[in-house]
J.: 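Below: one structure in structure tokens.
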Amino acid sequence: MRLSPAVRVSRYFMPTMRHDPSEAQIVSHRLMLRAGMIRQESAGIYSWLPLGFRVLKKIEQIVREEQDRIGAHEILMPTIQSADLWKKSGRYDDYGKEMLRIEDRHEREMLYGPTNEEMITSIFGDHAKSYKNVPLMMYHIQWKFRDEIRPRFGIMRGREFLMKDGYSFDLDAESGRKSYNKQFLAYLRTYARMGLKAIPMAADTGPIGGDLSHEFIILAETGESEVFCDKALLEFDLTKTAIDMDDADAVQAMVDKVTGPYAATDEQHDQTAFEAEVPEDRRVTARGIEVGHIFFFGDKYSKPFDAKLTTADGEQVLVQSGSYGVGVSRLLGGIIEASHDESGIIWPESVAPFKVALINLRQGDEGCDGVCEDLYAKFQEAGVEVIYDDRDDRAGVKFSDMDLIGVPWQVIVGPKGVKGGFVELKNRKTGDREELPADAALAKLAE
RNA sequence: CGGGGCGUAGCGCAGCCUGGUAGCGCAUCUGCUUUGGGAGCAGAGGGUCGUCUGUUCGAAUCAGACCGCCCCGACCA
């Protein structure tokens, strides 16, 4: 989806706040409200304002690209589902009060979907009948609703949230593992592209057993659970390694490499094993935020939905499946928790709402206006997303707002610079500034 | 759902105890002066005090019920 390439702050809807709203406790919630990215509509339910929407879409797009890269196909299933589907799997009763149940005008039982295993299994099962139809992966990025007992932390644990959920379909468990592995690596790439260090941790596999369930955790002080891992995992960078996703052995080797070192959430943690496996100086104990969960569940859903495939030998077997979730909206909060300072958000360039903030320090000054308008047009021509602060306001207001919303680069145009033939380029993250001619700044940012 | 707290202008809050014309800071609008890190002066607009019921001559203030929101706990992408 295409986002507008450039906006003027004077014509934008960006209700920034100078003070912290009293209801926000954690950093990401406070900053998202202050930056005018979201607005709470109800407990755990938010409207996405222009700035927040842009970031949400950028994150969504990265998730999408990495799913496409491993050959998963995007679909879109509805938010509202029929209770019948869930009665078939038995989860209509199991899910309890977290499921938002509604009734239509004909008094049919419906629900706002908390996830889509039932639906995708019935879609697949109705149309795929042969071993020739697999392996197959499909995913969608859709709003979900879980009626949390106590929503909190803003977007991090809302009731309505945007989630990518993917599903794999295979003829047997061995092939299923290959699909699982592909998703595993896709997840590492996805998070890395957002500037996050996500650590896969073995998760509870429930009644199915096996080793095919991982939670992806990013480290942040405000994390909901305590996690323990080998420091080696923090130093590993998958994006630096080229790998052929169709080479099952290479993929497995990579997964083994990343799952080798000790890593566990408090639920799975074994202190004795931790101390035995990891030298003291490499033991990391921190708090983590779960931003993804992948799970191979075999025939758990294919059985009730009777989703069977005919093998090459003419036998009927239940399809083997897994599901792969990414909390897309939660990631905004996660990224902010991991990347901010006293002044506000520091977006990694890959998800930043704009790459450049163009700041006119003297709106109405012929020279400043001229340089800014010229740069504004040229950034657009160069395909650089730019937000131009053209408000007739004090410099301090603009500096603060642009720092707050976390745009990676600021191009500052003031009367002194205009006279001297230069603009100032500031890096939001490092705070480094340099003075250089406008053309040079343009060239540097257009790279 | 248990425990705690809050609801007064867009945001942050005071007023409530002890009932009597609804206030402050920031933000907004107008004018002048300012102009490289959230300006100064002067003026202006903005409120069914969460809702309902009661007590009272009179309720933001007292009582009851309800609704909403926040925090702690059990639960979760």
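So you know, we letter chains A, B, ... as the sequences are listed, proteins then strands, and number each from 1.
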J.: Donor-acceptor pair, Tyr112(A) side chain versus Glu160(A) backbone, under 3.5 Å?
T.: no

J.: Can a donor-acceptor pair be found between the side chains of Ser321(A) and Tyr167(A) at a distance below 3.5 Å?
T.: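 Distance-only check fails for Ser321(A) and Tyr167(A).
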
J.: May I ask you to say what Arg159(A) touches in the nucleic acid, namely base, sugar-phosphate or nothing, with a heavy-atom cut-off under 4.0 Å?
T.: nothing

J.: Could you state the CD-C1' distance from Gln25(A) to G4(B), rounded to the nearest angstrom?
T.: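 In whole Å, G4(B) C1' and Gln25(A) CD are 14 Å from each other.
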
J.: Just compare U35(B), G36(B), A77(B) and give me whichever is closest to any side-chain atom of Arg362(A).
T.: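 Of all the options, the side chain of Arg362(A) is nearest to U35(B).
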
J.: Please classify the nucleic acid contact of Gly96(A) as base, sugar-phosphate, or nothing, using heavy-atom distances under 4.0 Å.
T.: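 If one applies the 4.0 Å heavy-atom cut-off, Gly96(A) turns out to touch nothing in the nucleic acid.
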
J.: Quick one: do Glu337(A) and Arg287(A) make a salt bridge, cutoff under 4.0 Å?
T.: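 Salt bridge absent between Glu337(A) and Arg287(A).
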
J.: Between Glu290(A) (CD) and C76(B) (P), how many Å, whole number?
T.: 10 Å

J.: Counting only Watson-Crick pairs (N1-N3 plus N6-O4 or O6-N4) and G-U wobbles (N1-O2, O6-N3), all under 3.5 Å, who is the partner of C24(B)?
T.: G12(B)

J.: Taking CH2 from Trp143(A) and C1' from A77(B), how many angstroms apart are they, rounded to a whole number?
T.: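 After rounding, the gap between these two atoms is 13 Å.
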
J.: Taking for each residue the nucleotide of RNA chain B with the nearest heavy atom, is it Lys97(A) or Ala43(A) whose nucleotide lies nearer the 5' end?
T.: Lys97(A)

J.: Does G12(B) have its OP1 or OP2 closer than 4.0 Å to a side-chain nitrogen or oxygen of Arg18(A)?
T.: no

J.: With both distances under 3.5 Å as the test, what is the Watson-Crick or G-U wobble partner of A77(B)?
T.: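 None - no nucleotide pairs with A77(B), as no candidate has both distances under 3.5 Å.
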
J.: Within the structure, does a side-chain N or O atom of Ser22(A) lie under 4.0 Å from either OP1 or OP2 of C13(B)?
T.: yes

J.: Which base, if any, makes a Watson-Crick or G-U wobble pair with C32(B), both distances under 3.5 Å?
T.: G40(B)

J.: Is there a donor in the side chain of Ser213(A) and an acceptor in the side chain of His293(A), or the other way round, less than 3.5 Å apart?
T.: yes

J.: Determine the contact category for Glu215(A): base if any of its heavy atoms lies under 4.0 Å from a base atom, sugar-phosphate if only primed atoms, P, OP1 or OP2 are that close, otherwise nothing.
T.: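 No contact.
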
J.: What does Gly414(A) touch in the nucleic acid at a heavy-atom separation under 4.0 angstrom: a base, only the sugar-phosphate, or nothing?
T.: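 Base, at least one base heavy atom under 4.0 Å.
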
J.: Quick one: label Ser329(A) by what it contacts on the DNA or RNA (base, sugar-phosphate, nothing), any heavy atom closer than 4.0 Å.
T.: nothing

J.: Within residues 49-60 of chain A, find the residues that approach RNA chain B with a heavy atom at under 4.0 Å, and present them sorted by residue number.
T.: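 Close to the strand, none.
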
J.: Using atom types as modelled and distance alone, determine if a side-chain donor or acceptor of Arg146(A) lies under 3.5 Å from a backbone N or O of Arg159(A).
T.: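 Pair absent, no side-chain N/O of Arg146(A) close to backbone of Arg159(A).
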
J.: Whom does C52(B) pair with, Watson-Crick or G-U wobble, provided both distances fall under 3.5 Å?
T.: G64(B)

J.: C70(B), OP1 or OP2 - any side-chain N/O from Gln40(A) closer than 4.0 Å?
T.: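 For C70(B), OP1 or OP2 has a side-chain N or O of Gln40(A) closer than 4.0 Å.
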
J.: In the strands shown, is G46(B) matched to any nucleotide by a Watson-Crick or G-U wobble pair with both distances under 3.5 Å, and which?
T.: none

J.: Name the residue from Val9(A), Ile412(A), Asp389(A) that meets the side chain to side chain contact (heavy atoms under 4.5 Å, CB included) definition with Lys398(A).
T.: Asp389(A)

J.: Between His19(A) and C26(B), is there a contact of a side-chain N or O with OP1 or OP2 at under 4.0 Å?
T.: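 Negative; the distance criterion is not met.
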
J.: Is the shortest side-chain N to carboxylate O distance from Glu74(A) to Lys164(A) below 4.0 Å?
T.: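 So Glu74(A) does not pair with Lys164(A) through a salt bridge.
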
J.: Consider the side chain of Lys416(A), meaning its heavy atoms from C-beta on, and name the nucleotide among G37(B), G73(B), G36(B) that approaches it most closely.
T.: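 Of the candidates, G36(B) comes closest.
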
J.: Base, sugar-phosphate, or nothing for Gly44(A), non-hydrogen atoms under 4.0 angstrom?
T.: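 No contact.
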
J.: Is Asp165(A) paired with Lys144(A) through a side-chain N to carboxylate O contact shorter than 4.0 Å?
T.: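 Between Asp165(A) and Lys144(A) there is a salt bridge, with a charged N closer than 4.0 Å to a carboxylate O.
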
J.: Show your reasoning for whether ring-ring contact (aromatic ring centres under 6.0 Å, His included) applies to Phe296(A) and Tyr180(A).
T.: CA-CA 7 Å; Phe296(A) 181 74; Tyr180(A) 182 92; 7.2 Å; no

J.: Considering only heavy atoms, which members of residues 388-404 of chain A lie under 4.0 Å from some atom of RNA chain B?
T.: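 Within residues 388-404 of chain A, the residues near RNA chain B are Arg394(A), Ala395(A), Gly396(A), Val397(A), Phe399(A), Ser400(A), Asp401(A), Asp403(A).
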
J.: When the ring planes of Phe216(A) and Tyr191(A) are compared, do they come out parallel, tilted or perpendicular, using 30° and 60° as the limits?
T.: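 Plane angle between 30° and 60°, so tilted.
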
J.: Nearest-Å distance, CZ (Phe161(A)) to C1' (C75(B))?
T.: 13 Å

J.: Which nucleotide sits closest to the side chain of Glu424(A): G36(B), A77(B), C69(B)?
T.: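 Minimum distance to the Glu424(A) side chain belongs to G36(B).
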
J.: Taking the nucleotide of RNA chain B with the closest heavy atom to each, which residue, Arg330(A) or Pro415(A), is nearer the 5' end?
T.: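 Going by which nucleotide is closer to the 5' end, it is Pro415(A).
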
J.: Would you say the ring centers of His269(A) and Tyr262(A) fall short of 6.0 Å from each other?
T.: yes

J.: Are OP1 or OP2 of C69(B) and a side-chain N or O of Ser42(A) less than 4.0 angstrom apart?
T.: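 Yes, because at least one side-chain N or O of Ser42(A) sits under 4.0 Å from OP1 or OP2 of C69(B).
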
J.: Report yes if a side-chain nitrogen or oxygen of Arg152(A) is closer than 4.0 Å to either non-bridging phosphate oxygen (OP1 or OP2) of C76(B); otherwise report no.
T.: no

J.: I'd like to know if the side chain of Gln410(A) and the backbone of Glu424(A) have a donor-acceptor N/O pair within less than 3.5 Å.
T.: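 Between the backbone of Glu424(A) and the side chain of Gln410(A) there is no qualifying donor-acceptor contact (under 3.5 Å).
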
J.: Would you classify Glu148(A) as touching base, sugar-phosphate or nothing, given that sugar-phosphate means primed atoms plus P, OP1 and OP2, and contacts are heavy atoms under 4.0 Å?
T.: base

J.: Classify the nucleic acid contact of Arg433(A) as base, sugar-phosphate or nothing, counting any heavy atom under 4.0 Å across all strands shown.
T.: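 Touches a base.
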
J.: Quick one: look up who G2(B) pairs with, Watson-Crick or G-U, both distances under 3.5 Å, and put none if it's unpaired.
T.: C72(B)

J.: Check this one for me: any side-chain N or O of Arg150(A) less than 4.0 Å away from OP1 or OP2 of C72(B)?
T.: yes

